[in-house]
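This report refers to the structure that appears directly beneath it.
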Amino acid sequence: MTEQIHLAAHFPGVNNTTVWSDPRSGSQIDFGSFRHLAETAERGRFDFFFLAEGLRLREMKGRIHDLDVMGRPESLTVLAALSAVTTRLGLAATVNSTFNEPYEVARRLATLDHLSGGRAAWNVVTSWDAFTGENFRRGGYLAEADRYTRAKEFLQTARELWDTWADDAVTADPVRGEFLREGGVTPFRHTGRHFDIQGLFNVPRGPQGHPVIIQAGDSDEGREFAASSADVIFSRHGRPEEARTFYRDVKRRLAAYGRRPADLKIMPAVTYVLGDTEAEAAECAAEIRRAQVSPANAIVFLEGVWGRDMSFCDPDGPLPDVEPELGEGVSRGRAQFRGDRAATAAKWRAVAQEKNLTIRELVIEMSARQTFVGTAASVAEQMTSFVRTGAADGFVLVPHLTPGGLDELVDQVVPLLQEKGVYRADYTGTTLRDHLGLRSPVKETS
Ligand SMILES: Cc1cc2nc3c(=O)[nH]c(=O)nc-3n(C[C@H](O)[C@H](O)[C@H](O)COP(=O)(O)O)c2cc1C
(Lines give C-alpha, C1' and ligand atoms only; values in the text may rest on other atoms or scores of the structure.)
Protein backbone atom coordinates (compact mmCIF):
# COMPACT_ATOMS: atom_id res chain seq x y z
CA MET A 1 0.00 0.00 0.00
CA THR A 2 1.21 3.52 -0.72
CA GLU A 3 2.46 5.31 2.37
CA GLN A 4 -0.53 7.05 3.97
CA ILE A 5 -0.24 10.60 5.29
CA HIS A 6 -1.68 11.37 8.72
CA LEU A 7 -3.15 14.82 9.29
CA ALA A 8 -4.03 16.70 12.47
CA ALA A 9 -5.37 20.22 12.97
CA HIS A 10 -3.83 22.59 15.50
CA PHE A 11 -6.20 25.23 16.84
CA PRO A 12 -4.13 28.42 16.49
CA GLY A 13 -6.01 30.40 19.19
CA VAL A 14 -3.78 32.60 21.32
CA ASN A 15 -0.52 34.46 20.65
CA ASN A 16 0.76 35.61 17.27
CA THR A 17 0.12 32.49 15.17
CA THR A 18 -3.26 33.91 14.23
CA VAL A 19 -3.07 37.05 12.12
CA TRP A 20 -5.23 39.16 14.40
CA SER A 21 -5.19 42.14 12.03
CA ASP A 22 -7.05 40.05 9.43
CA PRO A 23 -10.77 40.92 9.59
CA ARG A 24 -11.60 37.20 9.19
CA SER A 25 -9.99 36.39 12.57
CA GLY A 26 -12.53 35.32 15.16
CA SER A 27 -12.69 34.48 18.83
CA GLN A 28 -10.08 32.28 20.48
CA ILE A 29 -12.56 31.17 23.14
CA ASP A 30 -16.12 30.99 21.71
CA PHE A 31 -17.29 27.43 21.24
CA GLY A 32 -18.22 28.32 17.64
CA SER A 33 -14.53 28.78 16.80
CA PHE A 34 -13.53 25.35 18.10
CA ARG A 35 -16.51 23.80 16.42
CA HIS A 36 -15.74 25.37 13.05
CA LEU A 37 -12.14 24.17 12.98
CA ALA A 38 -13.03 20.68 14.28
CA GLU A 39 -15.86 20.25 11.77
CA THR A 40 -13.54 21.34 8.96
CA ALA A 41 -10.89 18.84 10.10
CA GLU A 42 -13.48 16.08 10.23
CA ARG A 43 -14.75 17.02 6.77
CA GLY A 44 -11.12 16.59 5.66
CA ARG A 45 -11.01 13.14 7.35
CA PHE A 46 -8.22 14.26 9.69
CA ASP A 47 -6.84 11.93 12.34
CA PHE A 48 -7.21 14.43 15.16
CA PHE A 49 -7.83 17.96 16.41
CA PHE A 50 -5.15 19.29 18.74
CA LEU A 51 -5.24 21.82 21.59
CA ALA A 52 -2.07 23.24 23.13
CA GLU A 53 -1.86 24.42 26.73
CA GLY A 54 -0.23 27.31 28.57
CA LEU A 55 -0.80 27.27 32.32
CA ARG A 56 0.28 30.84 33.00
CA LEU A 57 0.03 34.03 30.97
CA ARG A 58 3.38 35.07 29.54
CA GLU A 59 5.04 38.13 31.07
CA MET A 60 7.63 40.53 29.68
CA LYS A 61 9.58 42.85 31.94
CA GLY A 62 7.20 42.19 34.81
CA ARG A 63 3.93 42.81 32.97
CA ILE A 64 1.50 40.64 31.00
CA HIS A 65 2.63 40.23 27.41
CA ASP A 66 -0.49 41.52 25.69
CA LEU A 67 0.54 42.28 22.12
CA ASP A 68 -1.66 39.42 20.88
CA VAL A 69 -4.91 37.81 21.91
CA MET A 70 -4.37 35.69 25.02
CA GLY A 71 -6.30 33.66 27.58
CA ARG A 72 -7.45 30.23 26.57
CA PRO A 73 -9.95 27.76 27.94
CA GLU A 74 -9.05 24.38 29.45
CA SER A 75 -8.54 21.70 26.78
CA LEU A 76 -10.40 18.66 28.10
CA THR A 77 -13.55 20.68 28.72
CA VAL A 78 -13.49 22.04 25.16
CA LEU A 79 -12.86 18.57 23.73
CA ALA A 80 -15.73 17.10 25.73
CA ALA A 81 -18.03 19.64 24.08
CA LEU A 82 -16.55 18.87 20.65
CA SER A 83 -17.14 15.16 21.15
CA ALA A 84 -20.86 15.91 20.92
CA VAL A 85 -20.63 17.63 17.51
CA THR A 86 -18.12 15.32 15.79
CA THR A 87 -18.26 11.58 15.22
CA ARG A 88 -14.88 10.33 13.98
CA LEU A 89 -12.29 13.02 14.61
CA GLY A 90 -9.67 12.28 17.29
CA LEU A 91 -9.57 14.82 20.14
CA ALA A 92 -6.14 15.60 21.58
CA ALA A 93 -5.57 17.56 24.80
CA THR A 94 -2.24 18.88 26.02
CA VAL A 95 -2.06 18.16 29.76
CA ASN A 96 1.00 18.83 31.90
CA SER A 97 2.49 16.04 34.01
CA THR A 98 4.36 18.29 36.45
CA PHE A 99 1.50 20.21 38.01
CA ASN A 100 -1.32 17.62 37.86
CA GLU A 101 -2.10 14.31 39.57
CA PRO A 102 -2.42 10.94 37.78
CA TYR A 103 -5.76 9.92 39.30
CA GLU A 104 -7.49 13.10 38.17
CA VAL A 105 -5.96 13.20 34.68
CA ALA A 106 -6.58 9.47 34.11
CA ARG A 107 -10.22 9.95 35.10
CA ARG A 108 -10.76 12.89 32.76
CA LEU A 109 -9.11 11.19 29.80
CA ALA A 110 -11.01 7.94 30.33
CA THR A 111 -14.19 10.02 30.49
CA LEU A 112 -13.37 11.79 27.21
CA ASP A 113 -12.63 8.42 25.63
CA HIS A 114 -16.12 7.23 26.65
CA LEU A 115 -17.94 10.38 25.61
CA SER A 116 -16.26 10.38 22.20
CA GLY A 117 -16.49 6.66 21.48
CA GLY A 118 -12.72 6.09 21.59
CA ARG A 119 -11.25 9.29 20.19
CA ALA A 120 -9.23 10.71 23.12
CA ALA A 121 -5.53 11.58 22.99
CA TRP A 122 -3.20 13.04 25.61
CA ASN A 123 -0.20 15.21 24.73
CA VAL A 124 1.97 14.70 27.82
CA VAL A 125 4.00 17.88 28.35
CA THR A 126 6.54 18.51 31.06
CA SER A 127 6.92 22.28 31.57
CA TRP A 128 8.36 22.51 35.08
CA ASP A 129 9.26 26.18 35.63
CA ALA A 130 8.74 27.79 39.01
CA PHE A 131 6.94 30.77 37.45
CA THR A 132 4.15 28.50 36.15
CA GLY A 133 4.38 26.45 39.33
CA GLU A 134 3.32 29.42 41.47
CA ASN A 135 -0.22 28.73 40.26
CA PHE A 136 -0.18 25.29 41.84
CA ARG A 137 -0.03 23.81 45.29
CA ARG A 138 3.47 22.49 44.92
CA GLY A 139 4.71 25.77 43.42
CA GLY A 140 7.55 25.05 41.01
CA TYR A 141 9.30 22.46 43.11
CA LEU A 142 10.40 20.21 40.28
CA ALA A 143 14.01 20.25 39.16
CA GLU A 144 14.43 20.31 35.37
CA ALA A 145 16.25 16.98 35.55
CA ASP A 146 13.13 15.38 37.04
CA ARG A 147 10.61 16.56 34.46
CA TYR A 148 10.73 13.25 32.60
CA THR A 149 11.16 10.96 35.62
CA ARG A 150 7.87 12.41 36.84
CA ALA A 151 6.24 12.32 33.38
CA LYS A 152 7.19 8.69 32.90
CA GLU A 153 5.92 7.65 36.31
CA PHE A 154 2.80 9.79 35.82
CA LEU A 155 1.95 8.01 32.57
CA GLN A 156 2.83 4.60 34.03
CA THR A 157 0.49 5.30 36.96
CA ALA A 158 -2.33 6.45 34.67
CA ARG A 159 -1.93 3.23 32.67
CA GLU A 160 -2.12 1.16 35.83
CA LEU A 161 -5.36 2.94 36.76
CA TRP A 162 -6.94 2.43 33.32
CA ASP A 163 -5.96 -1.24 33.45
CA THR A 164 -7.72 -1.91 36.75
CA TRP A 165 -10.99 -2.24 34.85
CA ALA A 166 -11.52 -5.29 32.62
CA ASP A 167 -13.16 -4.59 29.26
CA ASP A 168 -16.20 -6.57 30.36
CA ALA A 169 -16.30 -5.44 34.01
CA VAL A 170 -19.70 -3.77 33.75
CA THR A 171 -22.40 -6.41 33.38
CA ALA A 172 -25.38 -4.25 34.42
CA ASP A 173 -27.70 -7.26 34.51
CA PRO A 174 -30.74 -6.29 36.61
CA VAL A 175 -32.32 -9.75 36.19
CA ARG A 176 -29.43 -11.52 37.88
CA GLY A 177 -28.80 -8.51 40.06
CA GLU A 178 -25.18 -8.36 38.92
CA PHE A 179 -23.88 -4.99 37.85
CA LEU A 180 -20.17 -5.53 38.08
CA ARG A 181 -18.50 -8.82 37.16
CA GLU A 182 -16.69 -10.35 40.08
CA GLY A 183 -13.02 -9.47 39.75
CA GLY A 184 -13.86 -7.03 36.96
CA VAL A 185 -12.26 -4.17 38.87
CA THR A 186 -9.08 -4.63 40.84
CA PRO A 187 -7.63 -2.23 43.39
CA PHE A 188 -4.56 -0.24 42.44
CA ARG A 189 -1.49 0.42 44.47
CA HIS A 190 1.30 2.52 43.02
CA THR A 191 4.39 3.22 45.06
CA GLY A 192 7.15 5.15 43.36
CA ARG A 193 9.39 8.14 43.70
CA HIS A 194 6.77 10.68 42.63
CA PHE A 195 3.48 8.99 43.51
CA ASP A 196 2.32 6.81 46.35
CA ILE A 197 -1.38 6.12 45.87
CA GLN A 198 -3.80 3.28 46.31
CA GLY A 199 -7.51 2.69 45.98
CA LEU A 200 -10.08 1.95 43.31
CA PHE A 201 -10.31 3.78 40.02
CA ASN A 202 -13.85 4.98 39.32
CA VAL A 203 -14.14 5.15 35.51
CA PRO A 204 -14.66 1.99 33.43
CA ARG A 205 -12.04 1.19 30.79
CA GLY A 206 -12.50 3.43 27.74
CA PRO A 207 -13.13 2.13 24.21
CA GLN A 208 -9.44 2.54 23.31
CA GLY A 209 -8.21 0.98 26.54
CA HIS A 210 -5.75 3.84 26.85
CA PRO A 211 -6.05 7.15 25.04
CA VAL A 212 -3.49 7.76 22.31
CA ILE A 213 -0.32 9.20 23.89
CA ILE A 214 1.40 12.16 22.23
CA GLN A 215 4.77 13.58 23.24
CA ALA A 216 6.24 16.97 22.28
CA GLY A 217 9.56 17.44 24.11
CA ASP A 218 12.72 17.63 22.05
CA SER A 219 15.58 16.90 24.44
CA ASP A 220 17.34 13.55 24.54
CA GLU A 221 15.20 12.54 27.55
CA GLY A 222 12.08 13.71 25.69
CA ARG A 223 12.91 11.58 22.67
CA GLU A 224 13.65 8.58 24.87
CA PHE A 225 10.32 9.06 26.68
CA ALA A 226 8.54 9.14 23.30
CA ALA A 227 10.38 6.04 22.07
CA SER A 228 9.43 4.11 25.20
CA SER A 229 5.89 5.34 25.75
CA ALA A 230 4.25 7.49 23.06
CA ASP A 231 2.12 6.72 20.01
CA VAL A 232 2.71 10.07 18.29
CA ILE A 233 5.39 12.78 18.46
CA PHE A 234 4.31 16.36 17.83
CA SER A 235 7.67 17.70 16.66
CA ARG A 236 8.96 21.15 15.88
CA HIS A 237 11.19 19.87 13.05
CA GLY A 238 9.31 21.09 9.99
CA ARG A 239 12.22 21.65 7.62
CA PRO A 240 13.02 18.62 5.44
CA GLU A 241 16.68 18.04 6.35
CA GLU A 242 16.32 18.43 10.11
CA ALA A 243 13.01 16.56 10.00
CA ARG A 244 14.72 13.58 8.36
CA THR A 245 17.51 13.59 10.94
CA PHE A 246 14.97 13.77 13.77
CA TYR A 247 12.85 11.02 12.20
CA ARG A 248 15.80 8.64 11.88
CA ASP A 249 16.98 9.42 15.39
CA VAL A 250 13.64 8.71 17.06
CA LYS A 251 12.70 5.65 15.00
CA ARG A 252 16.05 4.03 15.73
CA ARG A 253 15.38 4.37 19.49
CA LEU A 254 12.23 2.20 19.32
CA ALA A 255 13.89 -1.22 19.03
CA ALA A 256 15.38 -0.91 22.52
CA TYR A 257 11.78 -0.94 23.84
CA GLY A 258 10.65 -3.84 21.67
CA ARG A 259 8.69 -1.50 19.42
CA ARG A 260 8.36 -1.26 15.63
CA PRO A 261 8.90 1.95 13.64
CA ALA A 262 5.18 2.02 12.79
CA ASP A 263 4.26 2.09 16.50
CA LEU A 264 5.29 5.75 16.81
CA LYS A 265 4.03 8.32 14.29
CA ILE A 266 6.07 11.47 13.84
CA MET A 267 4.04 14.55 12.98
CA PRO A 268 5.81 17.92 12.81
CA ALA A 269 3.95 21.20 13.22
CA VAL A 270 3.78 22.81 9.79
CA THR A 271 2.23 25.91 8.31
CA TYR A 272 0.98 26.45 4.80
CA VAL A 273 -0.04 29.25 2.46
CA LEU A 274 -1.98 28.63 -0.72
CA GLY A 275 -2.24 30.82 -3.80
CA ASP A 276 -3.49 30.62 -7.38
CA THR A 277 0.13 30.85 -8.52
CA GLU A 278 3.45 30.15 -6.80
CA ALA A 279 4.27 33.87 -6.85
CA GLU A 280 0.95 34.86 -5.31
CA ALA A 281 1.38 32.28 -2.53
CA ALA A 282 4.92 33.50 -1.81
CA GLU A 283 3.74 37.10 -1.61
CA CYS A 284 0.86 36.14 0.67
CA ALA A 285 3.25 34.14 2.90
CA ALA A 286 5.54 37.15 3.29
CA GLU A 287 2.55 39.34 4.15
CA ILE A 288 1.41 36.87 6.81
CA ARG A 289 4.85 36.85 8.43
CA ARG A 290 4.88 40.66 8.53
CA ALA A 291 1.45 40.65 10.16
CA GLN A 292 2.51 38.00 12.72
CA VAL A 293 5.67 39.92 13.63
CA SER A 294 4.48 43.50 14.19
CA PRO A 295 7.12 46.16 14.97
CA ALA A 296 6.29 45.85 18.70
CA ASN A 297 6.42 42.06 18.54
CA ALA A 298 9.81 42.18 16.85
CA ILE A 299 11.27 44.10 19.79
CA VAL A 300 9.71 41.66 22.29
CA PHE A 301 11.21 38.75 20.39
CA LEU A 302 14.60 40.43 20.38
CA GLU A 303 14.34 41.11 24.12
CA GLY A 304 13.52 37.44 24.65
CA VAL A 305 16.76 36.36 23.00
CA TRP A 306 18.97 39.20 24.26
CA GLY A 307 17.55 38.83 27.80
CA ARG A 308 17.36 42.59 28.37
CA ASP A 309 15.36 45.71 27.63
CA MET A 310 15.73 46.63 23.95
CA SER A 311 12.87 49.14 23.77
CA PHE A 312 15.35 51.82 22.66
CA CYS A 313 15.74 49.99 19.32
CA ASP A 314 14.00 50.95 16.09
CA PRO A 315 12.39 47.75 14.73
CA ASP A 316 12.95 49.06 11.21
CA GLY A 317 16.58 49.88 11.93
CA PRO A 318 19.68 47.71 12.29
CA LEU A 319 20.64 45.55 15.30
CA PRO A 320 22.38 47.76 17.87
CA ASP A 321 25.85 46.89 19.05
CA VAL A 322 24.78 45.55 22.46
CA GLU A 323 25.66 42.20 23.94
CA PRO A 324 22.95 39.91 25.36
CA GLU A 325 22.58 39.76 29.12
CA LEU A 326 23.30 36.23 30.22
CA GLY A 327 20.97 34.83 32.86
CA GLU A 328 17.24 34.52 33.39
CA GLY A 329 16.20 37.27 31.00
CA VAL A 330 13.10 39.46 30.92
CA SER A 331 10.41 37.03 29.69
CA ARG A 332 8.51 34.54 31.85
CA GLY A 333 6.30 31.61 31.00
CA ARG A 334 6.35 29.20 28.09
CA ALA A 335 7.88 31.69 25.65
CA GLN A 336 10.97 32.07 27.81
CA PHE A 337 14.18 31.63 25.86
CA ARG A 338 16.17 28.70 27.25
CA GLY A 339 19.07 28.37 24.82
CA ASP A 340 22.59 29.79 24.78
CA ARG A 341 22.03 33.56 24.54
CA ALA A 342 25.56 34.45 23.49
CA ALA A 343 25.69 31.85 20.70
CA THR A 344 22.16 32.67 19.47
CA ALA A 345 22.82 36.42 19.44
CA ALA A 346 26.07 35.86 17.51
CA LYS A 347 24.20 33.76 14.96
CA TRP A 348 21.46 36.39 14.62
CA ARG A 349 24.04 39.12 14.18
CA ALA A 350 25.81 37.17 11.46
CA VAL A 351 22.55 36.61 9.55
CA ALA A 352 21.54 40.28 9.91
CA GLN A 353 24.90 41.40 8.53
CA GLU A 354 25.03 38.87 5.73
CA LYS A 355 21.53 39.67 4.49
CA ASN A 356 21.47 43.33 5.53
CA LEU A 357 18.27 42.93 7.61
CA THR A 358 16.46 45.30 9.95
CA ILE A 359 15.49 44.00 13.39
CA ARG A 360 11.97 43.17 12.25
CA GLU A 361 13.16 41.47 9.09
CA LEU A 362 15.62 39.48 11.16
CA VAL A 363 12.95 38.29 13.61
CA ILE A 364 10.76 37.29 10.67
CA GLU A 365 13.69 35.37 9.21
CA MET A 366 14.76 33.66 12.45
CA SER A 367 11.40 32.76 14.03
CA ALA A 368 9.07 30.07 12.68
CA ARG A 369 8.34 30.31 8.98
CA GLN A 370 5.96 28.85 6.43
CA THR A 371 6.64 25.24 5.55
CA PHE A 372 4.47 24.64 2.53
CA VAL A 373 3.85 27.57 0.19
CA GLY A 374 2.43 27.32 -3.31
CA THR A 375 -0.57 26.31 -5.36
CA ALA A 376 -2.77 23.54 -3.99
CA ALA A 377 -1.14 21.07 -6.42
CA SER A 378 2.35 22.07 -5.38
CA VAL A 379 1.51 21.92 -1.65
CA ALA A 380 -0.01 18.44 -2.11
CA GLU A 381 3.20 17.38 -3.89
CA GLN A 382 5.45 18.93 -1.22
CA MET A 383 3.55 17.15 1.55
CA THR A 384 3.67 13.83 -0.25
CA SER A 385 7.37 14.06 -0.93
CA PHE A 386 8.06 15.07 2.70
CA VAL A 387 6.48 11.82 3.89
CA ARG A 388 7.92 9.67 1.09
CA THR A 389 11.46 10.81 1.84
CA GLY A 390 11.30 9.72 5.49
CA ALA A 391 10.91 13.16 7.07
CA ALA A 392 7.53 12.50 8.76
CA ASP A 393 4.49 10.21 8.98
CA GLY A 394 2.17 13.17 8.65
CA PHE A 395 1.63 16.71 9.86
CA VAL A 396 0.02 18.81 12.54
CA LEU A 397 -1.24 21.66 10.38
CA VAL A 398 -1.14 25.09 11.98
CA PRO A 399 -3.45 27.56 10.21
CA HIS A 400 -2.81 31.30 10.46
CA LEU A 401 -6.45 32.20 10.96
CA THR A 402 -8.81 31.31 13.82
CA PRO A 403 -11.11 29.59 13.06
CA GLY A 404 -11.34 29.54 9.23
CA GLY A 405 -7.70 28.92 8.36
CA LEU A 406 -8.13 25.24 7.57
CA ASP A 407 -11.02 25.61 5.12
CA GLU A 408 -9.02 26.18 1.93
CA LEU A 409 -6.60 23.38 2.71
CA VAL A 410 -9.41 20.90 3.22
CA ASP A 411 -11.23 22.10 0.13
CA GLN A 412 -8.25 22.33 -2.20
CA VAL A 413 -5.34 20.17 -1.00
CA VAL A 414 -7.07 17.19 0.64
CA PRO A 415 -8.87 16.12 -2.58
CA LEU A 416 -5.51 16.11 -4.39
CA LEU A 417 -3.91 13.94 -1.70
CA GLN A 418 -6.89 11.60 -2.00
CA GLU A 419 -6.47 11.44 -5.78
CA LYS A 420 -2.81 10.56 -5.32
CA GLY A 421 -3.90 7.67 -3.08
CA VAL A 422 -1.74 8.91 -0.20
CA TYR A 423 -4.63 9.95 2.03
CA ARG A 424 -7.87 8.26 3.10
CA ALA A 425 -11.01 8.97 1.12
CA ASP A 426 -13.05 8.20 4.23
CA TYR A 427 -12.58 6.96 7.76
CA THR A 428 -12.34 3.19 7.89
CA GLY A 429 -12.47 2.85 11.68
CA THR A 430 -14.15 4.54 14.57
CA THR A 431 -11.38 5.18 17.11
CA LEU A 432 -8.31 7.39 16.90
CA ARG A 433 -6.16 4.26 17.28
CA ASP A 434 -7.88 2.95 14.13
CA HIS A 435 -7.09 6.15 12.20
CA LEU A 436 -3.44 6.04 13.23
CA GLY A 437 -3.11 2.30 12.56
CA LEU A 438 -1.99 1.68 16.15
CA ARG A 439 -2.22 -1.55 18.08
CA SER A 440 -4.36 -1.81 21.18
CA PRO A 441 -2.44 -1.17 24.38
CA VAL A 442 -1.00 -4.13 26.23
CA LYS A 443 -2.34 -4.28 29.79
CA GLU A 444 0.01 -3.31 32.59
CA THR A 445 0.83 -6.32 34.75
CA SER A 446 2.29 -4.55 37.78
C1 LIG B 1 5.98 21.25 19.00
C2 LIG B 1 5.92 21.43 20.49
C3 LIG B 1 4.74 21.82 21.09
C4 LIG B 1 4.64 21.99 22.48
N5 LIG B 1 3.46 22.37 23.04
C6 LIG B 1 3.39 22.59 24.38
C7 LIG B 1 2.19 23.05 25.00
O8 LIG B 1 1.19 23.29 24.33
N9 LIG B 1 2.18 23.26 26.33
C10 LIG B 1 3.29 23.04 27.11
O11 LIG B 1 3.22 23.25 28.32
N12 LIG B 1 4.44 22.58 26.56
C13 LIG B 1 4.51 22.38 25.23
N14 LIG B 1 5.69 21.96 24.67
C15 LIG B 1 6.82 21.72 25.58
C16 LIG B 1 7.25 20.26 25.66
O17 LIG B 1 6.24 19.37 25.63
C18 LIG B 1 8.16 19.92 26.82
O19 LIG B 1 7.43 19.90 27.98
C20 LIG B 1 9.28 20.87 26.93
O21 LIG B 1 9.76 21.15 25.64
C22 LIG B 1 10.39 20.30 27.79
O23 LIG B 1 10.86 19.13 27.25
P24 LIG B 1 12.17 19.04 26.38
O25 LIG B 1 13.24 19.59 27.26
O26 LIG B 1 12.29 17.58 26.11
O27 LIG B 1 11.97 19.84 25.14
C28 LIG B 1 5.78 21.77 23.29
C29 LIG B 1 6.99 21.37 22.67
C30 LIG B 1 7.07 21.19 21.30
C31 LIG B 1 8.36 20.73 20.69
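Just so you know, ligand 1 is whichever comes first in the structure, and atom 1 is the first atom listed for that ligand.
An N or O contact shorter than 3.5 Å is missing between Ser235 and ligand 1 by distance. Residue contacts with ligand 1: Asn96 is placed with no nitrogen or oxygen under 3.5 Å of a nitrogen or oxygen of the ligand (distance criterion only). For ligand 1, the polar-atom distance check finds no N/O of Arg236 at less than 3.5 Å from any of the ligand's N/O atoms.
Residues Val293 and Phe301 have side chains not in contact (no heavy-atom distance under 4.5 Å, counting atoms from C-beta outward).
Proximity to Ala52 (heavy-atom distance under 4.0 Å) selects the following atoms of ligand 1: 8 (O). Atoms of ligand 1 found under 4.0 Å from any heavy atom of Thr94 (numbered from 1 in listed order, with element): 7 (C), 8 (O), 9 (N). Numbered from 1 in the order shown, with element, the atoms of ligand 1 that lie under 4.0 Å from a heavy atom of Tyr148 read 23 (O), 24 (P), 26 (O). Against a heavy-atom cut-off of under 4.0 Å, Arg147 is close to the following atoms of ligand 1: 22 (C), 23 (O), 24 (P), 25 (O), 26 (O).
The backbone N or O of Leu254 sits nowhere less than 3.5 Å from a side-chain atom of Arg260 that would complete a donor-acceptor pair. At least one donor-acceptor pair closer than 3.5 Å links the side chain of Thr98 to the backbone N or O of Ser127. No donor-acceptor distance shorter than 3.5 angstrom exists from the side chain of Gln215 to the backbone of Phe234, with no hydrogens or angles considered.
At most 12 heavy atoms of other shown residues, nucleotides or ligands fall within 6.0 angstrom of atom CD in Glu283.
When every heavy atom of Asp196 is checked against every heavy atom of Thr191, the shortest pair comes out as OD1-OG1, 3.8 Å.
The closest heavy-atom contact to atom 26 (O) of ligand 1, among the options Ser219, Gly222, Ala269, Ser127, comes from Ser219.
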